[in-house]
Each structure stands twice: as C-alpha cells, then as structure tokens.
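A short worksheet on the structure shown next.
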There are 2 protein chains.
Amino acid sequence: MTLASDSIDGAVIAAILAGRLRPGTRLGEAALADLYGVSRTRVREAMMRLETRGIVQVSPRRGWFVVEPSAEDARVAFEARRVIEAGLLASARTLPPDAVARLRHHVEEERRAVLDGGVGPRTCLLGDFHIHLAAAFGNPLLTEILRDLTARTTLVSMLYQSDLHAAESNADHARILDLIEAGDLAAAASEMTGHIHRVEQGLDLGTAPDPHAGLRGILAPFTPLTNAPLTDGGPDA
Amino acid sequence: MTLASDSIDGAVIAAILAGRLRPGTRLGEAALADLYGVSRTRVREAMMRLETRGIVQVSPRRGWFVVEPSAEDARVAFEARRVIEAGLLASARTLPPDAVARLRHHVEEERRAVLDGGVGPRTCLLGDFHIHLAAAFGNPLLTEILRDLTARTTLVSMLYQSDLHAAESNADHARILDLIEAGDLAAAASEMTGHIHRVEQGLDLGTAPDPHAGLRGILAPFTPLTNAPLTDGGPDA
DNA sequence: CTCATCACCCTTGTATACAAGGGAGAGGGA
DNA sequence: TCCCTCTCCCTTGTATACAAGGGTGATGAG
C-alpha cells in the first residue's frame, strides 16, 4: 500500500506501517527464509538493512526483533518528525494543485476509514498522509527519511498504547491541507508541529515499555490459577 | 575524527568526510576484506549498510563504488539539509552555553585550518560543524541523518568542483553561532538556509558529472597525438 | 594497421557448512 | 515442593565454496 513489498525489507516496513507487526516481534532468519523461498543469506541482508534504518535490532544469538522504542527513542523520533515535517512546509512556497487534490482525496479516504473503524487500515492511512505529503514536495530523500521515521513512531504508538484519536488526527490533516491550499505554508508548518505534538502527548510514555502490551489486553481477565486461597481478595484488591 | 572508525562503515564515512575517498572510487570486497583481515561476508554487510545510507552503490558483477551524485541528487541532498538544519534551529529555543562554547572552539579550529591551507582537514572541519551543531541539540537521530546527508554533499562538492570559498563558509558558521548565542534562533535558521544555499550555488552543477574530474585537471594540457596534419590549426582553432 | 571475436580472469551473487552461544527444560538434590 | 544445575537444541555469526556474469586482453581476419 505504502511502498513496494517486492522485497523482504519492503514487506516488513509495510507490515509495520499497517500495524500487523508489533514491537518486539521476533523475525527468525530461518522462518523468513522459508517464507520467501530464499536462503538465510538474503534474509540477513534484509535484516541488516532494516537495522541501519532503525526498524529492527538483533540480540546476539537470540534473533532479530522489531524494535521496541524506549520513551527516549519515542521523544527523539517525534522531535525528528516535527523538525523535518515543519521544516519542509516552512521551506516550501507552494504545492501544485494536483498534489493538493490527491492529498485531499487521501484525507477523505482517511475519514471513511475512521468511520468504518478498521484499526489497521486507519493507522496505515493516517501514517501515509505524512509520507504522501512529503512526497508531494518532490524530494525523494526526505520522503524516504520520513517513511522510516513514521515507521518508528507507528511502533511507538503501538507500544505505548496511544489513545490517539483518529478522528482528531484526520481533522488535523484536513486543516493542514486547508492552510497549504490557502498558500499559508508558515501556518501549515505551525499546525503540523502542533499536530505531531498532540499525537505524542496522546501517548502514555509514563508506563513502562512492555513488550507484552499486546498480550496484556488479551490476557487481562485471566486470574492465575495458583493454589493461593481465594479469600485473599484477588488481583483487584 | 568525526566518528568512530572502528568499523568498516565508519572508516568509509570518515574517509569521505575527510575527502580521502572520492566519488566513483571502487571498493572491492576482496581488497577491503584483506585490508581489515576479515572475510568478504563482513565487508559485504558493511557495503550493504552503506548502500542503504546512500553512500555507496553496487554495479552488478562489477563492484561497489562510492556514489557519484547526479545534479538532481545534489539538489535533493542540499534541499534536505536546508530543511532539516533550518528546521532544527527554528524548532529550538536555545542552546546550552557550554555547547555554544564548544562550537565556538570548533569554528576557531576551522579558521586556523582555513589559514593553514590543508584542504583535507579544512573540508572535514567545515562539514563537522554542521554535525556537531546538530548533536548539540541532543537528538542523535537527527544527528545521524545529517551525518549521512553531509557525507553526500561532501561527495557532491568533490564531484562538481565547487569553488567553495572556505573562508566564507567559516564566516557563515561564526555568524550563525553569533545569532544562536544572541538567542535569535529564527534568524540563525534563516542564516543557515542562506549558508547552505550559497554552498550549493558555488557548485558547477551545469557541468556533466564526470568521474574523471580529478584526472581532467591533471590531463588538461594534453593534446591528442593524432596523425592529423599539424597545419589544421590544432584543437583550439 | 585496424577491427571484430573469443576466451580467460576477476568480480560479485548466493547458498551452505560449521562454529559459537544463549535458553528452555529435564533431572536431581535439598 | 522448590530450586539449582546441567545438557541439549535452536538460534545467529562467520567463513568458504561454487555459480554467474562482465571486462580486458589476446588473437586472428580483413
């Protein structure tokens, strides 16, 4: 959807942006090699490329894992996005009308996804807006950088249970686009800074980065079957 | 000097920033493996990492080469640097006094290098200023991104025979630092934009990106020894 | 003398074999 | 019953062997 999935790298990135790969997920070389019908060599190459892009990391002799950004990593990634995306808007003079039209169409797609409710496509589209916006300015280098940063912040959002309100983000995007169309790029830059800031503020960075966050939601109702007396009040006491 | 050279990647980047590795230089796997006393495997891994960072590229079955940025690549790289470096300054509120002091010291080093004349150290220091400035803002992610971008623009400068006036750049740096110290980060951002713009304008992007640019200067006086009659006026006619 | 053709060599591309190390689980002792 | 320890297995780390392809130089014809 976002990018070419014709490579292992691309497939991993796409899966992350779509929210199908969570932080901490193990990416075994043998498993991927089997999945793609190639030898471990190719898989390792892809993993190392992704490692330099900050998407996966290796734990010696244990395996490759989708990165689990720390609170500091999260701060740094969001700051980087603010600097670059606001800088991009502030540096630009205008945007071609057809590019604005395409982005408008994208925001409309976002709106529908927000209403329909699928969390996967929604996350994907909301992240894609930023990538497409960057691409519209015609600098593939910055676009590529922002794609990686967006992948990072997507992982952050997954890890820190953001109560990101998708509708609010969608409205932000629409407002930014309005300002661009009106030719007020400086205001758009300011709005973008605020938008990314709000997304970051929506995170629960105080909580410990828990790799089992995903399982936790599923397993929450579970009460350990210990032989402790039931009269101790249970986990809620 | 700029970064850890304790890896093949780092050594290559450092060599580029120092101007010791020129665009188009071939980096044979066997040669590097021999040089570092490791097998080709490790070298290939390093090359692939550098490839994802946009520093080298591979020509199938021919070898790895330091990238030779096209005119468009150059434009894009400088634009990316303008966006990020100006955005970084514009987003920041202030810089700790000790960081300013360190940068001041660096600019002084630059000045001495410009006077002494060694082109290698000079290039290295002038590029390092931007990296150190980015590092001073405490975002290692942006610092890393800018290191790679600076490596690219350094390659561009080597390829397109920039008549970069080192003294002018040094003065720009000092002025930017003055504005930062005065607390006028917005003006510093604007100055940075101008500075990078001037560096880019100093390039001769009109000329074809010639991998033999270095040889050209040396071989220029050479007149082809054809068997054509000398009375035809020669190549200057 | 010039040019086309061909073979060899040197390069990267890919897979595989083996080494090294961490983790889980079995087993035994307290 | 609990815990400690040890072993085996599964994982990645690294090197090497072989495959594939391009470039250069020799060689021969015109």
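Remember, it's a predicted structure, so these values are computed and weren't measured experimentally. Any value given below was found using the heavy atoms of this structure, including those in side chains, with hydrogens, waters and symmetry copies removed. Sequence lines set the chain letters: A, B, ... in the order given, protein chains first and strands last, and positions in each chain run from 1.
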Can you give the donor-acceptor pairs under 3.5 Å from side chains of residues 23-31 of chain A to other protein atoms, not counting sequence neighbours?
{"unit_1": "A:T25", "atom_1": "OG1", "unit_2": "A:R22", "atom_2": "N", "d": "3.4"}
{"unit_1": "A:T25", "atom_1": "OG1", "unit_2": "A:R22", "atom_2": "O", "d": "2.7"}
{"unit_1": "A:R26", "atom_1": "NE", "unit_2": "A:R62", "atom_2": "O", "d": "3.2"}
{"unit_1": "A:E29", "atom_1": "OE1", "unit_2": "A:R40", "atom_2": "NE", "d": "2.8"}
{"unit_1": "A:E29", "atom_1": "OE1", "unit_2": "A:R40", "atom_2": "NH2", "d": "3.0"}
{"unit_1": "A:E29", "atom_1": "OE2", "unit_2": "A:R44", "atom_2": "NH1", "d": "2.7"}
{"unit_1": "A:E29", "atom_1": "OE2", "unit_2": "A:W64", "atom_2": "NE1", "d": "2.8"}

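For B:R81, the side chain to side chain donor-acceptor pair (under 3.5 Å) test picks out B:E85, B:H130, B:T153, with sequence neighbours left out. Listed by chain and residue number, B:H132 satisfy the ring pair (Phe, Tyr, Trp, His ring centres under 6.0 Å) test with B:H106 (two or more places apart in sequence, or in another chain). Residues that satisfy the salt bridge (Lys or Arg N to Asp or Glu O under 4.0 Å) test with A:R42, not counting sequence neighbours, are absent from this structure. Annotation: salt bridge (Lys or Arg N to Asp or Glu O under 4.0 Å) contacts of A:E144 (sequence neighbours excluded): none. In this structure, A:H105 has no side chain to side chain donor-acceptor pair (under 3.5 Å) partners at least two apart in sequence or on a different chain. B:T193 meets the side chain to side chain donor-acceptor pair (under 3.5 Å) test with no other residue; sequence neighbours excluded. Considering only residues two or more places apart in sequence or on other chains, B:D148 meets the salt bridge (Lys or Arg N to Asp or Glu O under 4.0 Å) condition with B:R53. A:D98 pairs by the salt bridge (Lys or Arg N to Asp or Glu O under 4.0 Å) definition with A:R102, not counting sequence neighbours.
One atom, CH2 of A:W64, and another, C1' of D:dG13, lie 10 Å apart when rounded to the nearest Å. For the pair B:F65 CZ and D:dG23 P, the interatomic distance rounds to 10 Å; values are reported in whole Å. Rounded to whole Å, the distance from CZ on A:R26 to P on C:dA24 is 11 Å. Between A:L32 atom CG and D:dT12 atom C1' the separation is 13 Å, expressed in whole Å.
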Under a 4.0 Å heavy-atom criterion, the protein footprint on nucleotides 15-22 of chain C, written with B, S and -, is BB--BBSS
For the pair A:T52 and B:D9, evaluate side chain to side chain contact (heavy atoms under 4.5 Å, CB included) and give the outcome as yes or no after the intermediate values. CA-CA 11 Å; A:T52 73; B:D9 317 47; 5.8 Å; no
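Within a heavy-atom distance below 4.0 Å of DNA chain C, the residues of residues 44-52 of chain B found are B:R44.
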Short N/O separations, protein against nucleotides 7-9 of chain D, under 3.5 angstrom:
none

